[in-house]
Amino acid sequence: SFGPGSRTLSEVRADGRGLTLVADLLAFAREQYPDALTDGLVLSNPFAMLYQEGQERFLVTDGATGHVLAVGLDGAIDVHSRVEGHYVVTGIASDPAGTVHVASFSPLPHAEGAGAILQLDADGRATPVAEGLTMPIDLAFDRTGRMLVLEFAGGSADDPYGGAPGRVLRLSRSESGWSAPEILIDGLEHPTALAVLDDGGILVSVRGAFSEPGSGEVVRVQG
C-alpha cells in the first residue's frame, strides 16, 4: 500500500488523537532509487525499529533494500548499514552490551537454512554470527545474553511460507561464537514478533500473516 502514512515514522500525539510525522521513508527511497519507479520495484518496506538512547535516533530495517536506516528524531534519514547478500532484513535487537543484531529473512524463495542473524558494528558493517536459519523474522536477548530467534515458518518447495510451523530457537554464547540453536518453542502459526520479559517470560505474536482477519493473538510462554 502507498496510502497516507505508509512507510513513515510517526509519533503518537500526547492526547492519543492521531499521529505526527517524523520521517518519510518512502520519500527517502524515491530519492535514493529513482529507477525503481519505472521498473515497478518495491521501493521501501520498513519492518522493525530499535531506539538508540543517547543518539536520539531509530535504526529501522528495510526489507525491500537490505538496508538498515538511521532515522533521527529531527526527520533526517541515512543508510546505516548495507547488508550485502542478505536482503529482506526483518527483526532488530541489541544484546545486553548494546551490540546491534539484525535478522535476514533471505531472498525468495526463502530456502530452508538460507536465513541468518548478523551483527552490526558502529560503522554499520554486518557480520553473520548465526547461519543456517529458516526465515528468521525477529530476535531478542534475555538477561543472561542468550539470543532468541523467531522463525516465521519451515518453508517448503511448493510454498515458501507454508510447510512446518514457526518456532523460537535459543542460542548461547560459546568460545567460538554462538552455539547451535536449540528449539525452545515449536508449533507457532505464522509468528511475526518476539519479546522477552523481565521475569523470563516470552511474548510471541501469532497468525500475523496468511490468517483470517481478527485471528491474530499475542501469547505468553512461561517456564
Side-chain angles (χ1 to χ4, degrees), residues 12 46-55 57-61 63 68 83 86 88-106 110 112-113 115-122 126-155 161 163-211 214-223:
V12 179
F47 187 84
M49 62 184 182
L50 173 69
Y51 183 63
Q52 292 192 301
E53 295 187 23
Q55 301 190 54
R57 70 178 186 182
F58 288 91
L59 295 182
V60 180
T61 58
V68 178
V83 188
H86 285 275
V88 195
V89 286
T90 51
I92 183 169
S94 58
D95 64 17
T99 304
V100 178
H101 295 70
V102 297
S104 167
F105 210 63
S106 79
H110 309 311
E112 182 179 357
I117 302 297
L118 301 101
Q119 177 179 302
L120 305 184
D121 66 16
T127 303
V129 293
E131 298 182 279
L133 305 171
T134 301
M135 286 185 277
I137 195 168
D138 202 7
L139 73 156
F141 293 87
D142 66 17
R143 288 178 295 175
T144 66
R146 294 178 298 186
M147 181 195 303
L148 279 70
V149 177
L150 182 65
E151 291 186 329
F152 179 71
Y161 303 114
R167 57 188 187 175
V168 176
L169 307 177
R170 184 168 61 193
L171 296 81
S172 301
R173 290 191 182 275
S174 64
E175 294 182 359
S176 58
W178 289 94
S179 66
E182 59 175 314
I183 300 174
L184 191 62
I185 307 166
D186 204 351
L188 299 171
E189 186 177 348
H190 292 124
T192 52
L194 168 74
V196 179
L197 304 176
D198 289 340
D199 64 2
I202 299 170
L203 297 180
V204 183
S205 63
V206 295
R207 293 190 290 276
F210 307 109
S211 304
S215 66
E217 294 179 338
V218 176
V219 299
R220 178 184 176 116
V221 181
Q222 193 75 30

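Nothing fancy with the numbering, it's 1 onward along the sequence. In what follows, every heavy atom counts, from backbone to side chain, and hydrogens, waters and symmetry copies are set aside. Small disclaimer: the values here were computed from a predicted structure and weren't measured.
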So which heavy atom on [X] is nearest to which on [Y], and how close?
{"X": "Ser211", "Y": "Glu189", "answer": "OG-OE2, 4.3 Å"}
{"X": "Val204", "Y": "Pro191", "answer": "CG1-CB, 3.8 Å"}
{"X": "Leu171", "Y": "Ala130", "answer": "CD2-CB, 3.8 Å"}
{"X": "Ser174", "Y": "Ser179", "answer": "OG-N, 4.1 Å"}
{"X": "Phe210", "Y": "His190", "answer": "CB-CE1, 3.9 Å"}
{"X": "Leu148", "Y": "Leu194", "answer": "O-CD2, 3.6 Å"}

Could you tell me whether a side-chain N or O of [X] sits under 3.5 Å from a main-chain N or O of [Y], the two making a donor and an acceptor?
{"X": "Ser205", "Y": "Ala193", "answer": "yes"}
{"X": "Thr134", "Y": "Gly154", "answer": "no"}
{"X": "Arg207", "Y": "Ser215", "answer": "yes"}
{"X": "Arg167", "Y": "Gly187", "answer": "no"}

Non-hydrogen side-chain atoms of [X] and [Y] separated by less than 4.5 Å:
{"X": "Val221", "Y": "Leu203", "answer": "no"}
{"X": "Leu188", "Y": "Pro165", "answer": "no"}
{"X": "Val60", "Y": "Val68", "answer": "no"}
{"X": "Asp138", "Y": "Thr90", "answer": "no"}
{"X": "Ser106", "Y": "Val88", "answer": "no"}
{"X": "Leu50", "Y": "Ser94", "answer": "yes"}
{"X": "Val89", "Y": "Phe47", "answer": "no"}
{"X": "Leu150", "Y": "Leu139", "answer": "no"}

The test is side-chain contact (heavy atoms from CB on, under 4.5 Å); show your working for Val83 and Leu118 and say whether it passes. CA-CA 9 Å; Val83 188; Leu118 301 101; 3.9 Å; yes
Is the His101 to Phe141 ring centre distance short of 6.0 Å? yes
Mind checking salt bridge (charged side-chain N to carboxylate O under 4.0 Å, His left out) for Arg57 and listing every partner two or more places apart, or none if nothing turns up? none
Exactly one of Gln119, Arg173, Arg146 clears side chain to side chain contact (heavy atoms under 4.5 Å, CB included) with Asp95, and that residue is Arg173
Please walk me through it: do Glu151 and Leu133 pass side-chain contact (heavy atoms from CB on, under 4.5 Å)? CA-CA 8 Å; Glu151 291 186 329; Leu133 305 171; 3.9 Å; yes
Regarding Arg220 and Asp199, does a basic nitrogen lie under 4.0 Å from an acidic carboxylate oxygen? yes
Parallel, tilted or perpendicular, judged at 30° and 60°: which one describes the rings of Tyr51 and Phe58? tilted
How long is the straight-line distance from NE2 of His110 back to OG of Ser104, given to the nearest 0.5 Å? 9.5 Å
To the nearest 0.5 Å, atom CD1 of Ile117 lies from atom OG1 of Thr127 at 13.5 Å
Go through Val100 and Ile92 one step at a time and tell me if the side-chain contact (heavy atoms from CB on, under 4.5 Å) criterion holds. CA-CA 7 Å; Val100 178; Ile92 183 169; 3.8 Å; yes
Using side-chain contact (heavy atoms from CB on, under 4.5 Å), reason through Thr99 and Leu120 one step at a time and then give a plain yes or no. CA-CA 7 Å; Thr99 304; Leu120 305 184; over 6 Å; no
State whether the number of non-hydrogen atoms from other residues, nucleotides or ligands found under 6.0 Å of Gln222 atom CD is greater than 12. yes
